[in-house]
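Written out below as structure tokens is the structure these notes cover.
All ligand and atom numbering here is 1-based and tracks the order in the structure. Given the structure is predicted, the values throughout are model-derived calculations rather than measurements. Basis for what follows: all heavy atoms, side chains included, without hydrogens, waters or symmetry-related copies.
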Amino acid sequence: MIEKYAPIVGEQEIDGIVKIAEKLKGVSVLHVNSTKAGGGVAEILNRMVPLMKDLGINVDWKVIRGDSEFFNVTKAFHNSLQNGAGNLTDEHFKIYDKWQEINSTEVPLDYDVMFIHDPQPAGLVKYRKNNTWIWRCHIDISNPYPPTWKFLSQYVSQYKSMIISVPSFGRDDMEIPQFIIPPSIDPLSVKNSQIHDVTVRRVLKKYDIKEDKPIITQVSRFDRAKDPIGVIKAFKLTRNHVDSQLVYVGSPASDDPEGEIVYNEVVKEVDGEKDIHLLMLPPGSDLEINAFQRASSLVMQKSIKEGFGLTVSEALWKERPVIGGNTGGIPLQVIHGVTGYLVDSVEGASHYMTFLLKNKEYGSLLGSRGKEHVRQNFLITRELRDYLLTILYSMGK
Ligand code: UDP
């Protein structure tokens, strides 16, 4: 399985991974997160777990359980960590702790390595045995709401090491080692592999999207941090200059209770505009997303806050220029004027949308540079290698 990546990343890279993995043969690793589908963490684990298994590591993946009260609290955690504001109280922290305790009896905690993703299950570390716990943080924790971080960091400090996605997310108040490992996309997944033009056209037809009018796409959960309203406003401005269509694809995530509220806000903003295709697709609509990204003249990821933004690498890999919010992991991928454009406002987004729609060849140049940038930095083989090295280090091997 790992050999299939050799034509894309080179034999040497694969040999290196196999050599590192040999040192971890038979080691048991459990990935734990809070949703099986929806969002970037599940997206990566779906591909990473089979790859690690293929390398002889005894790896499994468990999703924690919670009720709506718990996921309301963890979403408030998420927002307050990324936005630096919130109104969490001891009541919320108690609900969080209650569900850590429940999950501690349902999630096996005795794997050699416990690989815990994001804040939702981070408190499980309280129940650790004498094994190796690694906290993999996918969100921006550079400017957290202090009470939330104070609460969460008492758990984080019990880990052997932690992983962040972007250097600026580093926490000087933590003593444990912090590894900087940006996420990655899988070039061989249904979402990212090459598909035929006929398939692209069939998908467009199915969703009543015109082939002969330029398409702008954003693929994101319905989350205010992804600024769906800003995308629609920017598109409406762009429409004054270039006849075009916007495809906004979202899907629900079981650990995101705000999705429906934000979706309704977006419907209101769309206001029946016929060239805005607002699509709520079920999780696993990978072929459709692949097709929409490929059919686009440019792809948006206009986030206001972003851990990394896998959708950016997904689009660049397909040689589409990306206009992204200047935040979190997006500037690692969008190099301004090289692989796309970074923006801080609706007007800025609209300016570059208009420019790229009017200068398609230039957009293709940015896109092809983007593909190389992703090949060098954001493919799953690189993240896999970094994970293996982090496990080795954390186990003291
Ligand atoms: N995604 C999807 N369907 C949707 C919305 C998103 O499959 O309707 C995927 C998207 O293609 C990407 C992941 O979910 O692979 C989102 O990851 P990202 O890092 O962009 O954002 P997150 O949701 O983790 O904040």
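In terms of heavy atoms, Arg369 sits closest to Val338 at NH1-O, 3.0 Å.
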Any chance you could lay out the salt bridge (charged side-chain N to carboxylate O under 4.0 Å, His left out) test for Arg65 and Glu106, step after step, and finish with the verdict? CA-CA 9 Å; Arg65 208 161 60 77; Glu106 298 178 3; 2.8 Å; yes

Worked check of side-chain hydrogen bond (donor to acceptor under 3.5 Å, both in side chains) between Tyr145 and Asn79: CA-CA 9 Å; Tyr145 176 57; Asn79 289 341; over 6 Å; no

Let me check something: any side-chain donor-acceptor pairs from residues 7-14 under 3.5 Å, sequence neighbours excluded? List them with distances.
from, atom 1, to, atom 2, distance (Å)
Glu13, OE2, Arg385, NE, 3.0
Glu13, OE2, Arg385, NH2, 3.1

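Side-chain contact, Thr89 with Glu91: no donor N or O sits under 3.5 Å from an acceptor N or O.
Trp61 carries Lys36 over the face of its six-membered ring, with the cationic atom under 6.0 Å from the centre and within 45° of the normal.
Protein residues with any heavy atom under 4.0 Å from ligand 1: Gly39, Gly40, Glu43, Lys191, Val219, Ser220, Arg221, Lys226, Val249, Gly250, Ser251, Ile289, Glu306, Gly309, Leu310, Thr311, Glu314.
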